[in-house]
Amino acid sequence: EAVDVVVVGSCMTDLVSQALRLPKAGETIHGHKFFIGFGGKGANKCIQAARLGAKTAMVCKVGKDFFGDNYIQNFKDNGVNTEFVGQTSDAATGTASIIVNSAGENAIVIVAGANMLLGSGELHKALPVIRHAKVLVCQLEISPQTSLQALRMAQENKVKTIFNPAPAIPDLDSGFYGASGVFCCNETEAELLTGSSVITVEDADRAAQELLKRGCGSVIITLGPQGCVVLEGKESTSKHVPSTGVTAVDTTGAGDSFIGALALYTAHYPSMPLEEMARRANQVAGVSVQAVGTQSSYPNRKDLPADLF
Ligand code: RIB
Ligand code: NA
C-alpha cells in the first residue's frame, strides 16, 4: 500500500543535558537534568507526520548496536514503515549531544556515524515506495549527495519534495534548489545561504526572494517566535504567518515538528494554500516547544484542536 510521506534522512540518539545556560569554551558547569531521547532531523519529521496521521516510511541507516535496535523499535511503536531502515556494523548509530538552557535554547554536537553510510544502493531499494509516495522529505545530517539523489528520484516520479537544508552548510550544492518543491529553512540557515543577516520579517522576505530565484518551487523561512515567512513560487510577495505566543521550555526539534506537519498537510490536503499549511504547522510546532525533548514533545492528532485537520 502506498505511503503518504517518505523521509530519507537521519536518526540520532539525543543525549540531553538541561542547564541554566550553555557553557563557554573550557568551562564546566552543573546541569540539573539528563535524559536520552529519539532525535535526528530526518526521523523527527517522520515521527511528527506519523503522529498527525500520515502513513509514513523512513529510509535511513542506524548502527548494529543498542541505540540502533531501540531506534527501530521506536519507529515501530509510532507506526512508521521500517522496511528501509538499515543496520550496519561499520559505524555506530548517530548521536546528538544537546545542551538546553533555561530559555529553551540549545547547542548541539552531532556525530552522524551510520547516517553517513546511507547511499544510492539503499535509495534504489526504496524506489518502489518513493515513487508512489505523496511527498518526500529530506534534510542534511546524511551525505548531501544522498539527499540530493533522493530529491531527484522523487521529482522524476512526480512526487512532491520538501527540503530542509539543516544543519546548514555554506557550500550547498546548487542542485538542491531546483530539486526542492518547498525549500524550508530557519533564519540561521537562510543567513548562511544568502550571506545577508536574517532577523526581521523583512530580512526573511528578502532572503526568501533570493532563494526562490535559485530555482526552488516555494520557500518558507521559519523565524522562531516570529512565526514564518512563506513565498509561493507563483506569487511575487511573501506572506508573514505569525505564531501564537507560547512560552518555550525546549525549542529543540521545533523546526522538524513544523516540517513533519507540513508534510502531512501536503499529503492529505494537496490543494490547501501553502500559507495555510504553514499556519497550521506553526501551531503544531508551538505545542512541541512547550515540553522537553524532541520527539517526546511532539503532539498526536488526538491531542490537537480538530480544526487543524
Ligand atoms: O533538529 C533537532 C535535532 O537535531 C535533534 O533531535 C538532534 O538529534 C539534532 O540532530
Ligand atoms: Na520540545
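All ligand and atom numbering here is 1-based and tracks the order in the structure.
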Answer yes when Asp4 and Lys55 have at least one side-chain N-carboxylate O distance shorter than 4.0 Å, and no when they do not.
-> no

Salt bridge check: are Arg279 and Glu276 linked by an N-O gap of less than 4.0 Å?
-> yes

Which of the atoms in ligand 1, numbered in the order shown and given with their element, are less than 4.0 Å from a heavy-atom of [X]?
{"X": "Gly40", "answer": "5 (C), 6 (O), 7 (C), 8 (O), 10 (O)"}
{"X": "Ala96", "answer": "7 (C), 8 (O)"}
{"X": "Lys41", "answer": "1 (O), 2 (C), 3 (C), 4 (O), 10 (O)"}
{"X": "Asp256", "answer": "1 (O), 2 (C), 3 (C)"}
{"X": "Asn44", "answer": "2 (C), 3 (C), 5 (C), 6 (O)"}

Closest non-hydrogen atoms of Ala204 and Ile221, given as atom of the first, atom of the second and distance, are O-CD1, 3.4 Å

Minimum heavy-atom separation for Thr146 to Leu118, with atom names?
-> OG1-O, 2.9 Å

So, is Ile108 polar-close to ligand 1, with some N/O to N/O distance under 3.5 Å?
-> no

Look only at interatomic distance and state if Thr252 has a nitrogen or oxygen under 3.5 Å from any nitrogen or oxygen of ligand 1.
-> no

Once rounded to the nearest 0.5 Å, what's the spacing between atom [atom1] of [X] and atom [atom2] of [Y]?
{"X": "Asp256", "Y": "Gln48", "atom1": "CG", "atom2": "CD", "result": "9.5 Å"}
{"X": "Arg206", "Y": "Thr194", "atom1": "CZ", "atom2": "OG1", "result": "9.5 Å"}
{"X": "Ile36", "Y": "Ser296", "atom1": "CD1", "atom2": "OG", "result": "12.5 Å"}
{"X": "Cys185", "Y": "Leu211", "atom1": "SG", "atom2": "CG", "result": "5.5 Å"}

Can you name the N, O or S atom of Asp250 that is closest to the Na ion (ligand 2)?
-> O

For this output row, return yes or no: ring centroids of Phe75 and Tyr71 closer than 6.0 angstrom.
-> yes

The Na ion (ligand 2) to nearest N/O/S of [X] below 3.0 Å:
{"X": "Ser288", "result": "yes"}
{"X": "Ser297", "result": "yes"}
{"X": "Ala291", "result": "yes"}
{"X": "Gly293", "result": "yes"}

Nearest-neighbour protein heavy atom for atom 5 (C) of ligand 1, which is reported as residue plus atom name and distance = Asp14 OD2, 3.5 Å

Can you tell which of Gln139, Met12, Glu141 gets a heavy atom nearest to atom 9 (C) of ligand 1?
-> Glu141

